[in-house]
**Q** 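Input: one structure, supplied below.
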Amino acid sequence: MLEKYLPRIEFDSYEDFKQNYKVNVPDDFNFGFDIIDGWAEEDPGKIALDWRDDKGEAHIFTFKDIKDNSNKIANWLKSIGIKKNSTVMLIMKRRYEYWMIATALHKLGAVLIPASFQLTPKDISYRCNAASVDMLICVEDGIIIENVEEGLLKADTVKYKALVASNPIEEKYKSLGWLDLHENFEKYSNIFERPSGDEATKVTDRMLMYFTSGTSGMPKMVMHDFSYPLGHIVTAKYWHQVEENQRHLTISDSGWAKFGWGKIYGQWICGAVQFVYDHEKFIPEQMLKVIQEAKLTTFCAPPTMYRFFIKEDLTKYDLSSIRHCSIAGEPLNPEVYNQFLKATGHKMYEGFGQSESSVLIANFEWFEPRPGSTGKPSPLYDIALLNEKGERCGVGEEGEIVIMNVKDNWPTGLFKGYYLDPEANAKAFRDGNYHTGDVAWYDSDGYYWFVGRVDDVIKCSGYRIGPFEVESALMEHPAVLECAVTAAPDPIRGQVVKATIVLAKGYSPSDELAKELQNHVKHVTAPYKYPRIVEFVDEFPKTASGKIIRKAIREKDNAQ
């Protein structure tokens, strides 16, 4: 399959990869027809999805199964009026039907909007109105349905709503106008001809929209076209290092861009088996058991989960089937890397990117990962670090991560802009370049080191302090489970470093512990970076995707 899109697949070095990697993008590329149906026709028995949940239900689907079911769903959706450019929002957690529905929507040319099951009624009404959502498809869950019903009171574009469940949906939901997905689509033909004429999709058509996490301001709509899956070949093959016919697990709910990164597009283009564990709550020991039983080959999870893993007795689990571990979602603290490596023998290959892109910077196979470094740039992107004057930074100088020359040479995998948001586009796209809003520096060997969001960098007594370095120092102390470093207002210095900390089991807040943590940071990093304020909390304000909302901490401090 890769041969259709990559003139060259194997590379001798990172420099060879960076200079010579190319991806062919057909004008009519459609992931549903060209990848799912392509694999189904090439090998009808090829396994696509190995799905199980924490209640004992389990299913294995071939690419032909995905093809046939997606065709049935496409025929049903078409019969009720869903067509090219219709907008459909999915709130599906990790239900296996997501992969079939997403494929059906791609075949129809409808616009897919993944959404988190943690959305409030206000979130739902905002998204439906902003994107003019035509249809909602949700997993049958009382809380989700209640939130959707309340949210739809202030949203009038939604014409249809459907539920997905293992059994026929409850009559009380049918009385509210909910359609039973299985009851409806299973009546339809498993043949769906590729549309032609005006109904056919072009690679430049709108395919997918993510809503940003909204850590500052209202969430923006990130618009991707049909070329987006091809951008994730680098993500899957060269960063995740998935293998054809082998099981890969990326831990993510379907509502987030990380799902698109790790649980569908690049992995299926490479012919890997998507392994899915649909769980209600993350329990470290249970997840480790599942990884062991499934005999995964490749695995990707956010740093928070690795932090919990290293608190377990990892010698109790057989993780020998794993060949490659990767990490994304937020920067990886070196202490977590070192402890996991010591316990398992597995290095962790960090990657960095956004909802707006495929992987931008990553640790690839041709060089050794360095704990705390996010790696080196993807060959798809011309990346530079620019200072506040717009000048390129040198070795060791902090600057904003900027993708250069996108106006003249748009990278495959980069979004096409914020939908219906000229102000956000004007801020992000300047001088023909895309400004990510993230700050980093690179060393003399070309490794990039993440500092933080532009808004997160702390300016104290003339120093610029990146929160990630201080957080990494704190994470080395056994008392720290999670931490967030932010700027707190100070009448003399303007800003000072503040550390907000969730303690590990067995530790209690005290002035003595705060002093111990401050001294620890002074010894690990430059003394001026130590947190002058230490606050202990039980939990952090987080986005629905699990990211700490540092803005909320700053706003609370500024209001005092």
Side-chain angles (χ1 to χ4, degrees), residues 1-6 9 11 17-18 21-26 29-36 38-39 48-49 63 66 98-99 102-103 105-106 112 114 203-204 206-210 222-244 246 248-252 254-276 298-302 324 326-329 349-365 374-375 377-381 383 403 410-416:
M1 189 66 69
L2 284 175
E3 291 81 359
K4 295 180 182 179
Y5 306 104
L6 300 185
I9 296 173
F11 299 91
F17 176 56
K18 185 71 171 69
Y21 177 86
K22 298 289 186 293
V23 57
N24 295 327
V25 183
F29 177 77
N30 183 297
F31 180 79
F33 293 111
D34 296 316
I35 302 302
I36 303 303
W39 280 122
L49 186 65
F63 279 99
I66 304 295
Y98 179 96
W99 284 263
T103 302
L105 294 174
H106 296 336
L112 165 62
V203 76
T204 52
R206 193 166 49 120
M207 181 192 89
L208 170 72
M209 292 204 304
Y210 294 121
V222 175
M223 182 174 64
H224 288 285
D225 67 13
F226 278 83
S227 69
Y228 177 65
L230 294 172
H232 280 302
I233 295 174
V234 171
T235 307
K237 178 167 179 58
Y238 300 102
W239 173 44
H240 284 162
Q241 294 190 36
V242 302
E243 297 179 15
E244 187 172 348
Q246 300 300 310
H248 171 80
L249 170 60
T250 287
I251 299 180
S252 175
S254 64
W256 303 107
K258 192 165 184 283
F259 188 98
W261 277 48
K263 294 183 86 76
I264 182 167
Y265 297 120
Q267 292 70 27
W268 270 355
I269 294 173
C270 293
V273 178
Q274 288 289 355
F275 176 80
V276 181
T298 50
F299 174 69
C300 183
H324 190 271
S326 47
I327 195 159
Y349 290 74
E350 184 177 342
F352 164 81
Q354 302 180 313
S355 301
E356 290 88 344
S357 69
S358 56
V359 68
L360 294 173
I361 305 169
N363 286 279
F364 297 108
E365 63 183 285
T374 196
S378 160
L380 290 172
Y381 302 98
I383 288 176
I403 302 174
W410 205 277
T412 303
L414 184 65
F415 77 131
K416 301 304 175 181

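Note that the coordinates shown come from a computational prediction; the quantities given were computed from them, not determined experimentally.
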**Q** Please evaluate residues Y265 and L208 with respect to the criterion side-chain contact (heavy atoms from CB on, under 4.5 Å), reporting the C-alpha separation (whole Å), side-chain torsions for both, the decisive distance (0.1 Å), and the verdict.
**A** CA-CA 12 Å; Y265 297 120; L208 170 72; 4.3 Å; yes
**Q** Does the side chain of I251 reach to within under 4.5 Å of the side chain of F299, using non-hydrogen atoms?
**A**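 Answer yes - side chains close enough.
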**Q** If only atom types and distance count, is the side chain of K4 paired as donor or acceptor with the main-chain N or O of N24 below 3.5 Å?
**A**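 Absent.
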**Q** Would a 4.5 Å heavy-atom cut-off, applied to side chains only, mark Q246 and T298 as touching?
**A**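 Q246 does not reach T298 side chain to side chain.
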**Q** Should S358 and L380 count as side-chain neighbours, where that means a heavy-atom distance under 4.5 Å?
**A**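 Of all side-chain heavy-atom pairs linking L380 with S358, at least one is under 4.5 Å.
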**Q** With under 30° as parallel and over 60° as perpendicular, where do the rings of H232 and W261 fit, or are they tilted in between?
**A**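 Geometry flag for W261 against H232: tilted rings.
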**Q** Heavy-atom distance under 4.5 Å between the side chains of F415 and Y210, does that happen here?
**A** no
**Q** Test your reading of the model: is there a side-chain donor-acceptor pair from K263 to the backbone of T250, 3.5 Å cut-off?
**A**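 Yes, K263 side chain to T250 backbone: donor-acceptor pair under 3.5 Å.
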**Q** Looking only at non-hydrogen atoms, find the nearest pair between P114 and L112 and report the distance.
**A** CD-O, 3.7 Å
**Q** Side-chain contact test, heavy atoms from C-beta onward, threshold under 4.5 Å: evaluate it for S378 versus Y21 and give yes or no.
**A** no
**Q** Locate the shortest heavy-atom distance separating S326 from H240; write the atom from each residue and the value.
**A** OG-CD2, 3.1 Å
**Q** Any chance you could measure I327, atom CD1, to Y349, atom OH, to the nearest 0.5 Å?
**A**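 With rounding to 0.5 Å, CD1 (I327) is 13.5 Å from OH (Y349).
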**Q** Please find the pair of heavy atoms, one from I361 and one from I383, that lie closest to each other, and give the distance.
**A** CG1-CD1, 3.9 Å
**Q** Please examine the side chains of Y5 and T412, heavy atoms only from C-beta on, and report whether any two atoms are closer than 4.5 Å.
**A** no
**Q** Please examine the side chains of Q354 and V222, heavy atoms only from C-beta on, and report whether any two atoms are closer than 4.5 Å.
**A**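 No, every pair of side-chain atoms sits at 4.5 Å or beyond.
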**Q** I need the I269 CD1 to T235 OG1 distance, nearest 0.5 Å.
**A**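 That separation rounds to 9.5 Å.
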**Q** With a 4.5 Å cut-off on side-chain heavy atoms, are W268 and F63 touching?
**A**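 Yes, close enough: below the 4.5 Å cut-off.
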**Q** To the nearest 0.5 Å, tell me how far I36 CD1 sits from T103 OG1.
**A**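 If we round to the nearest 0.5 Å, I36:CD1 and T103:OG1 are 4.5 Å apart.
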**Q** Roughly how far apart are K416 NZ and W410 CH2, rounded to 0.5 Å?
**A**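 One finds 6.0 Å between NZ of K416 and CH2 of W410.
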**Q** Under a 3.5 Å distance rule, please check whether H224 uses its side chain to pair with a backbone N or O of M207 as donor and acceptor.
**A**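 It does not hold such a pair.
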**Q** Just by distance, do the side chain of N30 and the backbone of H106 share a donor-acceptor pair under 3.5 Å?
**A** yes
**Q** Kindly say whether the aromatic ring centers of Y98 and F259 come within a distance under 6.0 Å.
**A** yes
**Q** Please state whether the rings of F11 and Y238 are parallel, tilted or perpendicular, taking 30° and 60° as the class boundaries.
**A**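 Rings of F11 and Y238: perpendicular, over 60°.
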